[in-house]
Amino acid sequence: MEVTVAWYLTLGAVLFTLGAVGLLVRRNPLVMFMCIELMLNAVNLTFVSLGDELGDLGGQLSVFFVLVVAAAEVVIGLGIIVAIMRRRSGATADDLSVLRG
Amino acid sequence: MLDLVWLIPAFPLAGFVVLLLAGSRLGEPRAGWVATIAMFGSFAVTVGVVVDLLSRDVHNRRSVTTLFSWVPAGDLAVDFGILADPLSLTMCLFITGVGALIHLYSIGYMHGDSDFSRFFTYLNLFAFSMLVLVLGDNMLLTFLGWEGVGACSYLLISFWFSDSANASAGKKAFVTNRIGDWGVLVAMCLTFFTFGSLSYVEVLDATDAGQVAESTATFIVLMLFVGAIGKSAQFPLYLWLPDAMAGPTPVSALIHAATMVTSGIYLLTRVNPIIADAADWVPSLIAWVGVGTALFAATIAVAQTDIKKVLAYSTVSQLGYMFLAVGCGAYVPAIFHMVTHAFFKALLFLGSGSVIHGMDGDQDMRHYGGLRKWMPVTASTFIIGWLAIAGVPPFAGFWSKDEILAYAWNESPALWFVGLVTAVLTAFYMTRQVVLTFFGRHRYADARPDEVAAAWDARIAVAVADLDAATVAVDAARTGLGAATAARAEAESAHASAIEAARSATSGDEAEASSDPEALAQAVLAAEDAVATAVTAVETAEESVAVAQAVHAVAGADHAVVSAAAESRAEVPALALDAAPDVADVADHLPEAVAARADHHPHESPWTMTLPLVVLAGLSVVGGLMQLPFTPSLKFLEKWLEPSLFGNEVHLTIGGGMLWVLASIAVVGGLLGIAVAVAAYERRRIDHRAFEQPLLADAWAIDRKVGDFMGGPGRAGFEAVTTFDQRIVDGAVNGVGVLVRRLAGVLRRFHNGMVRTYAAGAALGAVALLLWFLTRASW
Amino acid sequence: MIAVFASASPSFPVLPALILTPLLGALLVVVVPRSRPELLKLTAVLSTMATGAMSLWVLFAFDAGAEGFQFASRHVWIEDLGISWLFGIDGISLFLVVLTGILFPIAILATDPEHDSRAYYAWLLVLEGGVMGVFISLDLVIFFLCFEIVLVPMYFLIGRWGHGNRTYAATKFFLYTMAGSALMLVGIVSLAFLHADATGGALTFDLVVIAEAQSVATDAARWVFLAFALAFAVKVPIFPLHTWLPDAHTEAPTAGSVILAGVLLKLGTYGFLRFGLYLFPEATHHFAPVFLVLGVVGIVYGAVVATMQKDLKRLVAYSSVAHLGFIILGTFALNTEGIEGGLLQMVNHGISTGALFLLVGMIYERRHTHQISELGGLQKSAPILAGVFMVVMLSSIGLPGLNGFVGEFLVLVGTFNAHRWYAVVAAGGVVLAALYLLWAYQRVFHGPAEGDNADMPDLRLREGLVLAPLLALIVVLGIYPKPVIERMEPAVDALVEHIERHVDGFQEPTSRMGIDIALDGADSGGDH
């Protein structure tokens, strides 16, 4: 059984789906963050494998962008979440609805 | 002199400007003299221009002087120009002449008024506007004067504006006039559309040359006629003229008798070529509206009690005659009557103003009577005016009215007949006015109906009070009688017991030997005295009762009589004081105001007021000379006006003999009217109340109905439109705002602040987009 | 029409100066030190007077007989899109510019703001700049820019310095007018692109170029015209899009009302002339009956509703609807007399209604009320004020001899030549005008003066001086409108010719001599 590019793409899709479903289903903000990371990394995997398959360096370049964005987002997001969790421990995503219209 | 014709309107305009800027500083009476001198100056120039024109050849008597260009827009090129021709100068003559006299009169009439200079400011502005109206060389300039006199009329009617009634009258006049102005505006638009010009010279010459179609001419004349109806107060736009009497009397004389109201006839006479080219029913319409209004107004004048209202309706009526003349193609008689009417109507109005002045403001003719004793000049001039308007030869009114009637007969006997009936009525109501005002007993100190009613009420109250008092007295007397009777009974029983005691003493009863026979005898005597006194007291009491009953009877009778008389008074409210013969002292209960009027003395007016009266009276006497019908060489007015008439004057087809017959019938009719009025009001042979029907006094209730409509359905209609604007149109706008808010409210529910919802939305959206791209790409 | 350069001092860009001077004045007002508040009004007055003087200079230097745009100037802005600062003035816009130049100083001198003078004067000056820009710009984008810019200062003027219901009125005014002109932007852009496509040339927003080329297809032109017309219809305002006007006029401060009635409404009518008739002659001709009907409706409707108003300012506001109905009528008569009448009425209405609002403001300043029921007998206590009010009122009624009449008459004549029965009905409007104005005058000035009304002080010298120029114009323009009409005529004639050239089968409805007109109007030419 040859490991072709399809395997990597499938793995990426599965990871992405897991992350997406987790994001929609889980209530704990930290777990939601982990799911977002999972989605982002799944996308990274897809980029790299396709980049290698098509011989385009752009795939690997995109990974850099995604990683930077993920890092920045984690820094800020985790900072906010931790700050909130300190005030109200046990808060779920559903409780953080101050921005309701 | 002809090139100075622009001075004619310039003098009053200058007067207006001077008075506007410096009027209050000039004060009384200098402000009045400034205005009057301006008018006399204008008159002098008019005379000079007329003389100048007369010295010219008959065919050279139309001159246009252009002052400057007014509205040069597109094809419309209207100038400020003056058309000096016989028609306009005739108008100018009596406008400035009679106007100057009225200005002079006003100096005396408005003496003491705090707004003296403002009055003359408006008067001069009015004179200017009127002169522009008649001198303008194009329809637009005439319209400027037309509206200008309307505005000045508004200002002058509401001159004493602190009284809301005066203000309303002014507004009513302006708005009603404006309805007519609508007609003139449309006529001007059509004229320009047809001729490409509004200048009289161009339009009338083109019409005379036959360049206008009948339908166009008809429409133009009809619209101008609407304007004339408004300005000259014909039916149905006459409603403003009686109310306009709220203005000072000189205003009524100048504006609402002599000048402004004649504008309509002037306008129709000016456009006589267009009338000639219009359909045949148009002049007939004019004639019938005129004569119908004449009759209508005359019937109302019969029952008016205000001295000025009679003259107001009389003016409407006489204007109707002028329209009758125009409708019959008799332009010269129309102008003739206009001029003579200016003389005698101004005279009558000024005379009435003199009367009002002399009676300290009282305008009710029922309070006048016998004034010729105190106001001889006013009376004699007023009588001359009366004779003129009644159509008594040889005064001016006879000649002009008769010419009109002759032309009316020429056109249609029916028109003549209605005109004749109106003439009879005219003679009647004017005689009534003269008799009530200047002849007979001076009724000012008489008790007025409301005062008589008050006296009767007081008298009844007295009778009732007396009756009540008498009833109380009777009761008191009866009580007294009862008491006295009881006292007598007591005294008699005491007397009886005293006698008993004395007898038992003399009967020798040893048990009672100690009693003193002398004392007992004295006791008997005392008791007898007591009885006598008691008897006397009873008799006195009985007398009192009788007296009280007698008084009560009298009071009762008096009350019965007064009540019976009062009941019959309830059916005839104006029952005189002496109507019930059994009740003689009602007059003692009149309010004090009646006695206060007893010393009242009317006074004659100053020379500034009586001089114009005399001049106008003289004109009313000799005014007929300008157009005597006997031979063509005496028809000065007709020869003078010929250039302005383009030969459209109708020619009489009736012979001289018929003219004499018609004239005689008219004179007889006038004398009949005078005789009936004298019989009713002077000699009291006919009950005057038969003529003064309430419906006529209320002017056929038309004004009231119009007022009800305007205040009721009219106002409701306007309110409905306003509510529509507020609720529906604006509501729609506000509704949009409400809709947006509601929509926003609905959409807000999607923003619940929960991240997972937003994430779900993002996911769904991403899936949808993906599907869309995939399906699109596969095709 | 090719831009013609001014004959006198061509080097001085007077038209851009007309816009820049007020804006500069606004800037100066903003930087006046807080310690010198008296300088605020002085700066504003000087700035508006300078602008007014320049506009008068333009008036005198204007060549009355020449065709085309004078004092033209052009500075390129965005070359790739063909947008440039293109200005020019002709007989149509000349008097509107002068009117603006005269009314603004008068409005500023007449009343003082009760608070926040700095912002007040700054906004007024920005407003003047914007208004001037609308009247003189010949580039579509610049026109739109200025057209929209005037909304912002007006919003603030009404909203911060207005009367009771000011927030509602200001918001309504802003949103309503902006909504109307939103489509106009789409129209402008599509017009430029359609023109570029049809002519195959470069993209340009130059009004003269597009109008002279007339290259857009009929259907598309009609749609674009409607987009423009909607914006102008709200601005004029035309029934039934008029309901923002009573609220805005009533709640605005006196100076705001004067400018709003005197100048801002004319933006809409000017827009119809310049961007309706000139840009889209065929569409204008096609839709003219609609606007004529709406004009007549506006005349009658405005007068009827005005009669029932209890607030004096609201009454004057509705009278504006009626007067502007006449202007619309004249504009869409599509002949020289009608258009000239409409233009004259624009100027006249600005003068008379501006003066009316000033007078109402003076009454308000004394009696602190606009309610007619609380006023009465004022002629007794303030005769001069009453006299001035009477003159202005008579001008508004259209009394001949005063300025209101000539324009009204020209409109009626023009409309009659084109469509007879509209003129007949519209002429009835004069009756209604007399009715509501005289009734209002009677309730306010006649009758007995009681209570506070009896103590009301009369016109002061300062107020008289502010009103004097308007009064003088009312009288002079009534008697001698010739210089004004003369200067308008070449531009209007050119406009009518332009319409005749580009609309098939259209002939200017004009008067004719001696033709038999049957009463049902079965004649050639002017349809009805």
Side-chain angles (χ1 to χ4, degrees), chain B residues 68-76 80 129 140 143-148 151 154-155 158 161-164 166-168 170-171 174-175 178-179 181-182 185-186 188-190 192-197 206 211-216 218-219 715 717-719 721-722 725 729-730 732-734 737, chain C residues 172 175-176 239-240 242-244 301 304-305 307-309 335-337 340-341 377 379-380 390 394 399-401 405-406 409-410 412-414 416-417 420 423-424 427-428 430-431 434-435 438-439 442 445-449 479-482 485-486 489 510-519:
Chain B
F68 60 89
S69 169
W70 188 17
V71 182
D75 290 335
L76 181 67
F80 239 87
S129 305
L140 202 60
F143 190 67
L144 187 148
W146 186 275
E147 291 250 45
Y154 163 73
L155 290 171
S158 55
F161 53 79
S162 301
D163 185 347
S164 298
N166 299 341
S168 287
K171 175 192 65 176
F174 196 96
V175 177
R178 267 263 154 148
I179 300 177
D181 296 345
W182 166 79
L185 270 176
V186 175
M188 282 198 290
C189 286
L190 183 54
F192 174 66
F193 178 74
T194 313
F195 297 93
S197 162
Q211 290 180 17
V212 188
E214 184 179 290
S215 53
T216 312
T218 304
F219 202 61
R715 194 192 198 110
F718 276 39
E719 287 276 6
V721 174
T722 311
D725 187 66
V729 182
D730 204 20
V733 173
N734 290 340
Chain C
K172 188 171 175 181
L175 288 177
Y176 207 149
F239 176 88
H242 64 281
T243 47
W244 62 267
Y301 184 87
V304 168
V305 180
T307 315
M308 289 286 117
Q309 293 308 312
N335 55 18
T336 309
E337 289 92 8
E340 276 185 3
Q379 189 167 356
K380 195 87 192 147
M390 167 71 73
L394 288 175
L399 192 78
F405 172 69
V406 183
F409 182 68
L410 281 174
L412 283 175
V413 164
F416 190 91
N417 282 350
R420 194 171 312 144
V424 174
V430 305
V431 182
L435 182 65
L438 281 181
W439 192 29
Q442 179 188 342
F445 287 97
H446 286 163
I479 301 290
Y480 197 53
K482 176 167 168 237
I485 300 180
E486 262 181 349
E489 188 129 348
T510 179
S511 69
R512 54 212 69 207
M513 296 259 313
I515 293 182
D516 179 6
I517 56 132
L519 284 178

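In the text below, chain A, chain B and the rest are named by the order of the sequence lines, each starting its count at 1.
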Test item: Glu719(B) side-chain N/O and Met308(C) main-chain N/O as donor-acceptor pair under 3.5 Å: no

Test item: Trp70(B) side-chain N/O and Ile479(C) main-chain N/O as donor-acceptor pair under 3.5 Å: yes

Would you mind telling me which of [options] has the largest number of heavy-atom pairs within less than 4.5 Å of chain B?
| options | value |
| --- | --- |
| Thr336(C), Leu399(C), Leu175(C), Asn335(C) | Leu399(C) |
| Gln379(C), Glu337(C), Lys172(C), Glu489(C) | Gln379(C) |
| Val406(C), Val304(C), Thr307(C) | Val304(C) |
| Phe445(C), Phe405(C), Tyr301(C) | Tyr301(C) |

If you count heavy-atom pairs under 4.5 Å with chain C, which of [options] comes out on top?
| options | result |
| --- | --- |
| Trp146(B), Phe80(B), Phe68(B), Tyr154(B) | Tyr154(B) |
| Ser69(B), Ala151(B), Gly170(B), Gly148(B) | Ser69(B) |
| Leu76(B), Val733(B), Asn166(B), Asp163(B) | Val733(B) |

Side-chain heavy-atom pair Trp182(B), Val424(C) within 4.5 angstrom cut-off: yes

Pairwise side-chain contact, Leu412(C) with Phe192(B), heavy-atom cut-off 4.5 Å (strictly under): no

Quick one: [atom1] on [X] to [atom2] on [Y], what's the gap to the nearest 0.5 Å?
| X | Y | atom1 | atom2 | answer |
| --- | --- | --- | --- | --- |
| His446(C) | Ser168(B) | NE2 | OG | 10.0 Å |
| Gln442(C) | Phe161(B) | CD | CZ | 12.0 Å |
| Leu438(C) | Ser158(B) | CG | OG | 8.5 Å |

Considering only heavy atoms, which portion of [X] lies under 4.5 Å from any heavy atom of chain B: side chain, backbone, both, or neither?
| X | answer |
| --- | --- |
| Gln309(C) | side chain |
| Ala427(C) | both |
| Trp439(C) | both |

Verdict with reasoning, Phe174(B) to Leu435(C), per side chain to side chain contact (heavy atoms under 4.5 Å, CB included): CA-CA 8 Å; Phe174(B) 196 96; Leu435(C) 182 65; over 6 Å; no

Closest heavy-atom pair and its distance - Pro448(C), Ser164(B): CD-OG, 4.0 Å

Distance-minimising heavy-atom pair for Pro72(B) and Ile485(C): O-CG2, 3.2 Å

His242(C) and Asp725(B): CA distance, side-chain angles, deciding distance, side chain to side chain donor-acceptor pair (under 3.5 Å) verdict: CA-CA 10 Å; His242(C) 64 281; Asp725(B) 187 66; 2.6 Å; yes

Contacting moiety of Asp181(B), where chain C heavy atoms sit under 4.5 Å: neither

Pair Phe409(C) + Phe143(B): ring centers closer than 6.0 Å: no

